[in-house]
Amino acid sequence: MSVNRNILTLDEFTIQQMRQFPKATGELSSLLRDIGLASKRVNVEVNKAGLVDILGDAGTMNVQGEEVKKLDIFANNQFVGVLKHGISCAGIGSEELDDIVIFDDEVSNNSKYICMFDPLDGSGNIDVNVSIGTIFSIYRRVSELGKPCTMADFLQPGNKQVAAGYVIYGSSTMLVYATRRGVNGFTLDPSIGEFSLSHPDIKCPKDGKIYSVNHGNFFQYTEGVKKYITACQKKDKTTGGPYTQRYIGSMVADVHRNLIKGGIFMYPATTDKPKGKLRLLYECNPFAFIVETAGGKATNGEKRILDLQPTELHQRTSFFIGSSDMMAELETHLAV
Ligand code: AHM
């Protein structure tokens with residue numbers, strides 16, 4: 001059997017990157033490998049989601065007499081488990097858990113990274129077979145090595161991220177991650193069970209024609225946001241409008257599409273949710289880091305997302321992210 005040696009797996013790629021830094025310890029590569037492993041396990045379960053009627057609903061017993069867990073709890077347990085048993089993570093924060101989990105053992109206390117994640121974003125879409133995803137964010141600790149990590153390690157602004165990424169469980173499963181050196185995408189090759197480099201050096205197109213927003217909330221948005229959405233719908237020779245509206249309601253899928261094709265995604269504050277809906281630390285910061293590294297922009301409507309100083313783990317924010325020209329156009333509407 002011939003093996004295509006030109007295609008790098010996720011592990012091969014991260015190790016190749018590491019080899020360019022003689023002082024690198026390999027901890028980040030190992031952390032990314034752990035995340036890849038957990039997401040492969042989640043992928044297997046997500047693919048079985050349609051069999052829930054046969055296997056049993058969440059909270060019930062399946063045919064083997066085992067309790068069926070909700071997929072987001074299952075995903076959370078996979079990520080926590082794999083990172084706790086790995087050698088590169090001192091602690092985690094998760095959308096599914098009220099508080100941070102400190103892996104207080106000798107190896108973990110000497111690990112220099114902490115990780116935050118949303119194990120299964122858009123999980124409301126599982127029942128209808130729509131793409132969902134995992135989002136993750138990695139920081140270097142600010143607390144003293146050799147001791148347990150602390151909340152201060154988690155409440156760092158997004159501009160301190162070392163790496164961030166997402167996994168999209170879609171028509172194929174992809175893992176995309178960014179470091180300061182660039183954004184790369186890997187597609188899961190089911191024949192070998194490995195993520196293989198399929199989208200090297202992803203760049204977000206400077207301009208686009210897709211806008212993604214929940215139109216049902218239109219009358220709850222600020223005047224500036226309403227003005228921008230209205231402008232998106234107008235015929236306009238300068239902008240190339242009207243734009244196309246695409247909104248799945250699964251941020252990983254919506255932002256992934258806009259990152260590849262060019263576009264803007266918005267989840268603004270509403271009168272019902274004056275602080276916004278999406279979470280700063282494990283939803284917005286990782287995407288802001290990825291999209292900015294790829295050449296795009298991300299703000300809360302006033303400030304750069306990556307410069308916001310977090311005050312709590314589950315903090316929410318308004319969120320605007322996408323192609324740099326579309327973001328510039330948005331800003332002109334928000335400013336008035
Ligand atoms: P979740 O954390 O309950 O999965 O919600 C997050 C999701 C995002 O993926 C998506 O962009 C947004 O919620 C959709 O919200 P809405 O249905 O209000 O438009």
Side-chain angles (χ1 to χ4, degrees), residues 39 42-43 45-46 49 58 69-79 92-98 116-137 164-170 173-176 210-222 225-226 228-229 232 245-261 263-291 296 298-301 305 312-322 330:
S39 61
V42 172
N43 180 57
E45 292 306 307
V46 167
K69 291 218 164 51
K70 276 182 73 187
L71 262 180
D72 32 19
I73 305 295
F74 173 85
N76 183 62
N77 293 345
Q78 292 308 313
F79 282 94
I92 60 100
S94 164
E95 200 214 5
E96 293 295 331
L97 302 169
D98 289 342
M116 279 180 278
F117 47 83
D118 181 351
L120 217 47
D121 181 68
S123 50
N125 285 308
I126 294 170
D127 292 351
V128 286
N129 212 353
V130 166
S131 299
I132 47 179
T134 296
I135 312 167
F136 61 90
S137 169
Y166 61 87
V167 183
I168 176 165
Y169 309 100
T173 297
M174 264 188 90
L175 186 152
V176 176
I210 298 172
Y211 74 105
S212 310
V213 70
N214 185 336
H215 261 283
N217 291 334
F218 184 85
F219 293 106
Q220 293 198 43
Y221 296 143
T222 61
V225 173
K226 285 186 203 161
Y228 176 67
I229 294 175
C232 288
Q245 148 74 359
R246 292 280 181 269
Y247 188 74
I248 300 170
S250 184
M251 179 167 59
V252 177
D254 277 315
V255 179
H256 174 71
R257 181 202 50 239
N258 294 0
L259 170 66
I260 304 290
K261 293 193 164 184
I264 189 167
F265 171 91
M266 301 173 272
Y267 206 109
T270 61
T271 42
D272 285 348
K273 296 188 179 86
K275 291 183 174 167
K277 174 182 182 185
L278 300 175
R279 313 293 186 143
L280 174 62
L281 291 184
Y282 41 78
E283 293 180 330
C284 303
N285 268 340
F287 270 120
F289 183 81
I290 296 162
V291 169
T299 73
N300 67 355
I305 284 288
E312 38 179 308
L313 187 63
H314 298 291
Q315 189 169 332
R316 296 176 194 269
T317 180
S318 286
F319 193 41
F320 303 87
I321 184 165
L330 166 77

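Just so you know, ligand 1 is whichever comes first in the structure, and atom 1 is the first atom listed for that ligand.
Asn217 CG to Tyr267 OH: the interatomic distance, rounded to the nearest 0.5 Å, is 5.0 Å. Going from atom CG of Asn125 over to atom CD1 of Ile248 covers 8.0 Å, rounded to the nearest 0.5 Å.
With hydrogens left out, the protein atom closest to atom 18 (O) of ligand 1 is Tyr267 OH, 2.6 Å, a heavy atom. Looking only at heavy atoms of the protein, atom 14 (C) of ligand 1 is closest to Tyr247 OH, 3.2 Å. Of the protein's non-hydrogen atoms, Gly249 O, 3.5 Å is the one closest to atom 10 (C) of ligand 1. Scanning the protein for heavy atoms near atom 4 (O) of ligand 1, the closest one is Gly122 N, 2.8 Å.
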message = side-chain contact (heavy atoms from CB on, under 4.5 Å), that's the test. Do Met116 and Leu313 meet it? Break it down for me.
response = CA-CA 9 Å; Met116 279 180 278; Leu313 187 63; 4.1 Å; yes

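Ring geometry for His256 versus Tyr166: interplanar angle over 60°, hence perpendicular rather than tilted (30 to 60°). Ring pair Tyr221/Phe218 is perpendicular by interplanar angle, where above 60° counts as perpendicular and below 30° as parallel. The aromatic rings of Phe265 and Tyr247 lie parallel to each other, their planes meeting at an angle below 30°, with 60° marking the opposite boundary.
The ligand atoms of ligand 1 that sit less than 4.0 angstrom from a heavy atom of Met251 are 8 (C), 9 (O), 10 (C), 11 (O). For ligand 1, the atoms closer than 4.0 angstrom to any heavy atom of Ser250 are 9 (O). Below 4.0 Å from some heavy atom of Asp121 lie the following atoms of ligand 1, by number and element: 2 (O), 4 (O), 6 (C), 8 (C), 9 (O). Close contacts of ligand 1 with Phe265, meaning ligand atoms under 4.0 Å from a residue heavy atom, involve 11 (O). Atoms of ligand 1 found under 4.0 Å from any heavy atom of Ser123, numbered from 1 in the order shown, are 4 (O).
When every heavy atom of His314 is checked against every heavy atom of Ser94, the shortest pair comes out as CE1-O, 3.3 Å.
Residue contacts with ligand 1 do not include Gly124, since none of its heavy atoms lies under 4.0 Å from the ligand. At least one heavy atom of Glu95 sits closer than 4.0 Å to an atom of ligand 1.
Asp272 CG: more than 12 foreign heavy atoms inside a 6.0 Å radius. Summarising the local packing, NZ of Lys261 is surrounded by 12 or fewer heavy atoms from other residues, nucleotides or ligands at distances under 6.0 Å.
Below 3.5 Å of separation, one finds no N or O of Leu120 facing any N or O of ligand 1. Considering backbone and side-chain N/O atoms, Lys277 comes within less than 3.5 Å of an N/O atom of ligand 1. When only interatomic distances are considered, the shortest N/O to N/O separation between Asn214 and ligand 1 falls below 3.5 Å.
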